[in-house]
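Heads up: the structure comes next, in structure tokens.
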Amino acid sequence: MARLLYRLGFGAHRRRLVVVLLWLLVLGGTAFGAVTLSGPTSGSFSIPGQESTTALDKISDEFGAGGGATARVVVQAPDGQQVTSPENAAKLAGLVQELSTLPGVTSATNPLDPRAPTVNADQDVAYSTVTYEAAVGEVTEAQRTALFDATRHVSGLTVEATGEATQAPPHVGGPAEVIGVVIALLVLAVTYGSLVLAGMNLLTASVGVGIGALGVTIATGFMDLQSTTPILAAMLGLAVGIDYALFIINRYRQELRRGRDVGDAIGTAVGTAGSAVVTAGLTVVIALAGLAVVGIPFLTQMGVAAALTIVVAVLVAVTLVPAVLGYLGRRVLPRKERDAPAGDVVGAEPREGGFFGGWIGAVTRNRVVALLLAVLGLGAIAVPVLSMETTLVAAPPADSSQARAERLLADGFGEGFNGPLVVLFEGDDAAATAASTVGTIQGAGDIALVTPPVPNADGTAAMLTVIPRSGPATQATEQLVTDLRERLADVDGATTYVTGATAVSVDVAVALDEAMPIYLALVVGLALVLLVLVFRSILVPLVGVLGFLLTIGASLGATVAVFQWGWLADAVNLDGTGPLLSLTPILMVGILFGLAMDYQIFLVSRMHEAHHHGKPPLAAIHTGFRQAAPVVVAAALIMFSVFAGFVPAGEGPMKSIAFALAIGILFDAFVVRMVLVPAALALLGEKAWWLPKWLRRLPTLDVEGAALEEDRGELVDAGR
């Protein structure tokens, strides 16, 4: 692989104009496609074949439900008054009239309609259901703005709006995200000592993430993608794109300092660091694409979309980056180093002392203490995982109109009103069967109200609504779903289904719990095989994977402490606490595993290279650490900055996911890879590089570029 990548890097340098133009053409093409072909994204999570999803499909077919997006406009009378009083009723009628004439609205119900009133028992809270012509996810920003403006025009009444039609799709590119990118740029500038080179790194990464994210946007025109998918792809693509370019540029500068000419240095950088980039990228792709095996369509889409963005980032790193380096030539070095005699430039080899020399010296001298502190520290941070709660029912921001509307509904109609459950009956006399089971349903407990059954046109189906006493994201309501299904499993004369937002959340959680062991076994197994091929060792990959498990535990524990318990909530601009998104654990495993193996490969491959060249184990650890640690630290800080930039202004589940990824990167890079791994390797000594005889026949992945030294003259001549 090193020889092939050497030729690729050298060729990109020789034909740099063609390479740059081709990438710009691809970027322009995807931008045009995104503008002309993109479609709406979905904010709902469901799994085909699950009871709750099947029921929703049947209700749509048999009752004609579905169609346009809806909103609830909630009205509360002043203290001591009722919305049914003549004065307030007139105001309410005027509001309904205005709502019905808003852009895109097909109808707005009257809460005081005697045929279907929507007023609470105290008559101080009522709501109107506003239906749009556009489907869910297709309501425009202008239409949402008009709706919220209408709620502010009613004097004397408290008016708020909630519902699917009021939810704007999450966006990328806010001020907080820009701050993260600026911090990444500053880290690059300090690392390189050049703002121009830092800008070039960021620019090439932006081309890759632009193509990847725009490609995902194009896909929304042909399939139903989750609203978080483009953000996840952009966040990952930008982070790894910057890091992968950093690794190659750093190696290119080292090769120039060793006296190589520009073309040979570029080829060598792509053949060595580029091999590590390809291998590391492959581990990320395996981890993300592996989400497909769990059999959950929306999770598969998220994983594949993010994996394709990683593939683009790798291709940019091994083609566009060397092409741009060809234009910069020796200008990537500080001015005082450019004119130094070939091979006489300071910095070609790592210094014995310095910060990183002192760091690795302290870790290896106190290897037992360092290992214990790392394990116990991460283990302590992981303790909150034991109380982790997950759900798919996301609460709106605390200071939003949606949150205030839901609070008014909960106060007026009960906590469970915002998360009703629907029971569907199918059979020859479904309505009668449903009516006969009302007592059985009420016996489940935690139920505030059971509505009379509503039959379909031919009487073969009926549905009734169950209003729980507890809110939609509570354990009590989730348990109610399970209890109802057990009680209705043996109903004579009908097939029953329980659905609703909480029921969907329960079904997805069960599917994720069942899929997690399979996913872990597949991803960890494939990555272990890959790392064995890279390091020619059994114990080094095992140490890396065990360290990753500590990373996952600690990052999930910290996320639970902040987002569920409320610790340091102000630091992340948290509106309110609550359960984590059900997808968070499995997404974190997929993403952090790939990124953790990135750092394992970049750091330990330099140690392996030094050991391969004859250094004893401890000296190899010191040499490899001093060579790789500075760039790994810079890469981790950059990735942390990019992920952390999505936290303060993050929307919905992306805030907690971005936080978990950011804190996970810190734990993995600075505790696991820079303390735990070198301490463990120092304890193992020569045994760390042991490989059983029966595995020595396996092919070798040459990520250090050892073969380049043997064939350098031939490769340089062929390139020229």
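Note that the numbering runs from 1 along the sequence shown for the chain. Just the heavy atoms: all of them, side chains too, but no hydrogens, waters or symmetry mates, feed the values below.
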Step by step, work out the side-chain contact (heavy atoms from CB on, under 4.5 Å) result for Leu583 and Leu299. CA-CA 8 Å; Leu583 305 179; Leu299 204 55; 4.2 Å; yes
Stepwise side-chain contact (heavy atoms from CB on, under 4.5 Å) test for Val589 and Phe548: CA-CA 9 Å; Val589 168; Phe548 160 74; 4.3 Å; yes
Show your working on side-chain contact (heavy atoms from CB on, under 4.5 Å) between Phe667 and Val672 and close with a plain yes or no. CA-CA 7 Å; Phe667 290 151; Val672 173; 5.7 Å; no
side-chain contact (heavy atoms from CB on, under 4.5 Å), that's the test. Do Ile657 and Met588 meet it? Break it down for me. CA-CA 8 Å; Ile657 292 175; Met588 283 183 59; 5.7 Å; no
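Under the ring-ring contact (aromatic ring centres under 6.0 Å, His included) criterion, Trp689 pairs with His608, His611, not counting sequence neighbours. By the ring-ring contact (aromatic ring centres under 6.0 Å, His included) test, His622 pairs with no residue at all, sequence neighbours left out. Among residues two or more places apart in sequence or in another chain, the ring-ring contact (aromatic ring centres under 6.0 Å, His included) test is passed with Tyr519 by none. Residues passing the salt bridge (charged side-chain N to carboxylate O under 4.0 Å, His left out) test with Arg253: none are found, sequence neighbours excluded.
With Asn366 contributing its side chain and Ala362 its backbone, the two residues share a donor-acceptor pair below 3.5 Å. Between the side chain of Arg367 and the backbone N or O of Ala682 there is at least one donor-acceptor pair closer than 3.5 Å. Asp261 places a side-chain N or O within donor-acceptor distance of the main-chain N or O of Asp264, the cut-off being under 3.5 Å.
Here CD1 of Ile586 is found 5.0 Å from CE of Met516. Values are rounded to the nearest 0.5 Å. To the nearest 0.5 Å, atom CG of residue Leu531 and atom CZ of residue Arg536 are 13.0 Å apart. Between atom CD1 of residue Ile242 and atom CG of residue Leu202 there is a gap of 5.0 Å, rounded to the nearest 0.5 Å. Taking CG of Leu282 as the reference point, atom CG of Leu530 lies at 5.5 Å (rounded to 0.5 Å). One distance of note links CD1 of Ile621 with OG1 of Thr364; it measures 7.0 Å at 0.5 Å rounding. Taken from CG in Leu5 to OG in Ser275, the straight-line distance is 4.5 Å, to the nearest 0.5 Å.
Using a 4.5 Å heavy-atom threshold, the side chains of Leu236 and Val209 count as separate.
Listed by first and then second residue, the ring pair (Phe, Tyr, Trp, His ring centres under 6.0 Å) pairs involving residues 239-275 are Phe247-Phe602 (not counting sequence neighbours).
Pro334 and Arg257 get closest at one heavy-atom pair: CD-NH2, 4.2 Å.
Only one option out of Ile665, Leu556, Leu587, Asp668 pairs with Leu592 in a side chain to side chain contact (heavy atoms under 4.5 Å, CB included); it is Ile665.
For Thr204 and Trp23, the side-chain atoms include no donor-acceptor pair closer than 3.5 Å.
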Only pairs under 3.5 Å count here: list side-chain donor-acceptor contacts from residues 185-194, not counting sequence neighbours, and write none if there are none.
| unit_1 | atom_1 | unit_2 | atom_2 | d |
| --- | --- | --- | --- | --- |
| Thr191 | OG1 | Val187 | O | 2.7 |
| Tyr192 | OH | Asn201 | ND2 | 2.6 |
| Ser194 | OG | Val196 | N | 3.4 |
| Ser194 | OG | Leu197 | N | 3.1 |

